[in-house]
Amino acid sequence: MAGKPVCHNGQGAEPATQDQLSAWAKAYGRLPLPADLNWLWTIGAVLCAILALMLLTGLTLTLVYTPDAGLAFGSVESIERRMPAGWLLRAMHMTGASFFMLALYVHLLRGLYYRSYLPPRRAVWLSGCALLVMVMVTAFAGYVLPWGQMSYWGADVAGKAVGALPLAGGWLEGVFLGGDSPGTPTLHRMFALHFGLAFLIVGVVLGHIAHVHARGSSSPSARPTAATGVLPFHPYFTVRDMLAIVLVALAFVGVLCFWPELIVEPANYRPANPLHTPADIEPEWYFLPFYGMMQAVPFKLGGLLLSGGAVAVLFAVPWLDRAMDAAHSAPVVVRMGTMGLLVCSAVAVACAGLHHMQGVWMLVARLGMVGYYAYFLLYLPLAGRVWRRGRA
Ligand code: HEM
């Protein structure tokens with residue numbers, strides 16, 4: 001009887017599909033990662049889990065939602081009251097958006113603090129920045145869809161901000177709103193943007209993760225893997241990633257069930273009324289730093305440039321930091337201090353964005369803005385030079 005074919009290593013040859021599977025497992029499952037990765041390296045997996053939740057709940061909500069200025073608010077009410085478990089799906093989608101943005105900011109700050117943007121991971125950082133912009137646009141478009149008071153006036157403020165751009169501003173405002181003021185054409189645009197970008201984000205995330213796998217993860221100690229040692233992705237990091245996802249899921253359910261008012265904006269439960277401007281028009285919490293910057297400057301174009309620049313500057317980070325590699329880094333106390341100042345600056349501008357921009361709040365917003373930009377335009381280039389020279 002013919003025996004099993006034997007390979008040069010003495011083991012039986014595997015069928016083609018098994019070969020492919022084992023190649024995949026080798027590339028992904030057995031991927032060697034620095035042994036000293038900490039819990040902050042689980043946030044990427046958490047982001048993937050929330051993204052999946054957002055897609056599933058979002059797709060289900062579209063079954064009932066109607067993007068028409070006369071019907072949108074009512075269709076959202078139908079989701080809440082008539083669609084089976086509609087209230088739960090909508091609550092999960094809304095809470096998921098806040099959790100996603102929070103995780104995204106933590107993920108970004110992790111990369112900034114450990115300088116994961118340095119070569120050879122520049123492309124990973126840039127694709128991350130592109131994801132940030134796409135997620136922000138998707139979140140903004142989603143906020144317009146329920147057509148409550150904040151949705152309407154948020155779209156109005158954004159339209160006017162776009163209109164303040166020189167030369168093409170008026171034209172762009174028309175393209176954005178689809179008319180002179182927010183209405184059904186605006187809703188069609190926002191719906192298409194919200195729906196389409198969600199799938200584009202999935203594609204870019206796949207590229208982002210493929211890049212991380214190709215370049216390898218950076219290590220929190222910034223030492224070469226020969227010094228830190230390596231562990232395979234599975235089971236060491238898959239198990240930790242899953243545990244992090246379970247812990248975040250518990251916090252998610254906690255907020256959803258016991259603290260819903262943390263996420264919900266009551267003004268958006270009033271239907272859009274173009275004849276009644278709310279006393280305070282404010283965006284979701286995750287846009288507040290950028291909204292505060294937009295308001296802290298007396299002329300619209302300046303505000304727009306400064307708040308857009310706050311995101312744009314992130315793309316330049318790998319070139320602003322002049323260090324040779326992550327090992328040539330400022331002492332931990334300096335890095336912690338400057339990172340703390342960056343976060344406090346962003347929170348200060350965000351708090352100012354919640355208030356009428358005058359008097360002391362204007363001062364707080366401007367100081368916060370200076371602190372934010374100083375981190376990128378002063379600290380990063382200087383720290384890179386100082387510690388490069390110090391170690392050279
Ligand atoms: C939809 C949003 C995003 C998803 C789903 C995502 C997912 C991931 C995953 C799964 C990893 C590998 C595991 C980890 O290191 O945590 C990763 C790594 C990374 N991400 Fe993201 N990411 C997103 C957005 C961003 C953003 C906004 C940035 C920064 C601007 C960024 C920068 C990075 C960097 C630099 C790494 C490599 C870290 C290392 O050296 O190990 N990502 N991302």
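We count residues from 1, following the sequence as given. Atoms within a ligand are numbered from 1 in the order they appear, just like the ligands themselves.
Heavy-atom contacts of S218 reach the following atoms of ligand 1: 39 (C), 40 (O), 41 (O) (cutoff under 4.0 Å). Taking every non-hydrogen atom of S217 and a distance limit under 4.0 Å, the qualifying atoms of ligand 1 come out as 40 (O), 41 (O). In the vicinity of V205, heavy-atom distances shorter than 4.0 Å reach the ligand 1 atoms 1 (C), 5 (C). Near L104, meaning under 4.0 Å from any of its heavy atoms, are these atoms of ligand 1: 2 (C), 24 (C), 27 (C). Counting the atoms of ligand 1 from 1 in the order shown, those under 4.0 Å from a heavy atom of F100 are 1 (C).
Neighbours of atom 21 (Fe) of ligand 1 restricted to protein N, O or S atoms under 2.8 Å: the count is 2.
Every side chain to side chain contact (heavy atoms under 4.5 Å, CB included) that P34 has, sequence neighbours left out, goes to D36, L37, S217, S219, T225, T228.
Between T42 and ligand 1, a contact under 3.5 Å exists for no N or O pair. Inclusion of Y117 in the set of residues having an N or O under 3.5 Å from an N or O of ligand 1 is not warranted.
By the 30° and 60° cut-offs, the orientation of the rings of Y379 relative to Y375 is tilted. The aromatic rings of Y105 and F290 lie tilted to each other, with the angle between the two planes from 30° to 60°.
Ring-centre distance between Y143 and F287: not below the 6.0 Å cut-off. Here the two rings, on W171 and F176, have centers that are 6.0 Å apart or farther.
At the shortest separation from atom 35 (C) of ligand 1 among protein heavy atoms lies S116 CB, 3.7 Å. Among protein heavy atoms, the minimum distance from atom 41 (O) of ligand 1 is reached at W41 NE1, 2.8 Å.
Counted by atom type alone, N268 and S151 present one or more donor-acceptor pairs between their side chains at under 3.5 Å. In the model, Y114 has a side-chain atom that pairs as donor or acceptor with a side-chain atom of N38 under 3.5 Å.
Tested against W147, the residues Y152, W153, F73 include a single ring pair (Phe, Tyr, Trp, His ring centres under 6.0 Å) partner, Y152. Among R115, R122, R335, the single residue meeting the salt bridge (Lys or Arg N to Asp or Glu O under 4.0 Å) criterion with D321 is R115.
Closest to atom 38 (C) of ligand 1 by heavy atom, among R121, M54, R110, is R110.
Atom CG of L63 sits in a crowded spot, with more than 12 heavy atoms from other residues, nucleotides or ligands closer than 6.0 Å.
Because its NZ or CZ atom is not both nearer than 6.0 Å to the ring centre of W87 and within 45° of the ring axis, R81 does not count as a cation-pi partner of that residue.
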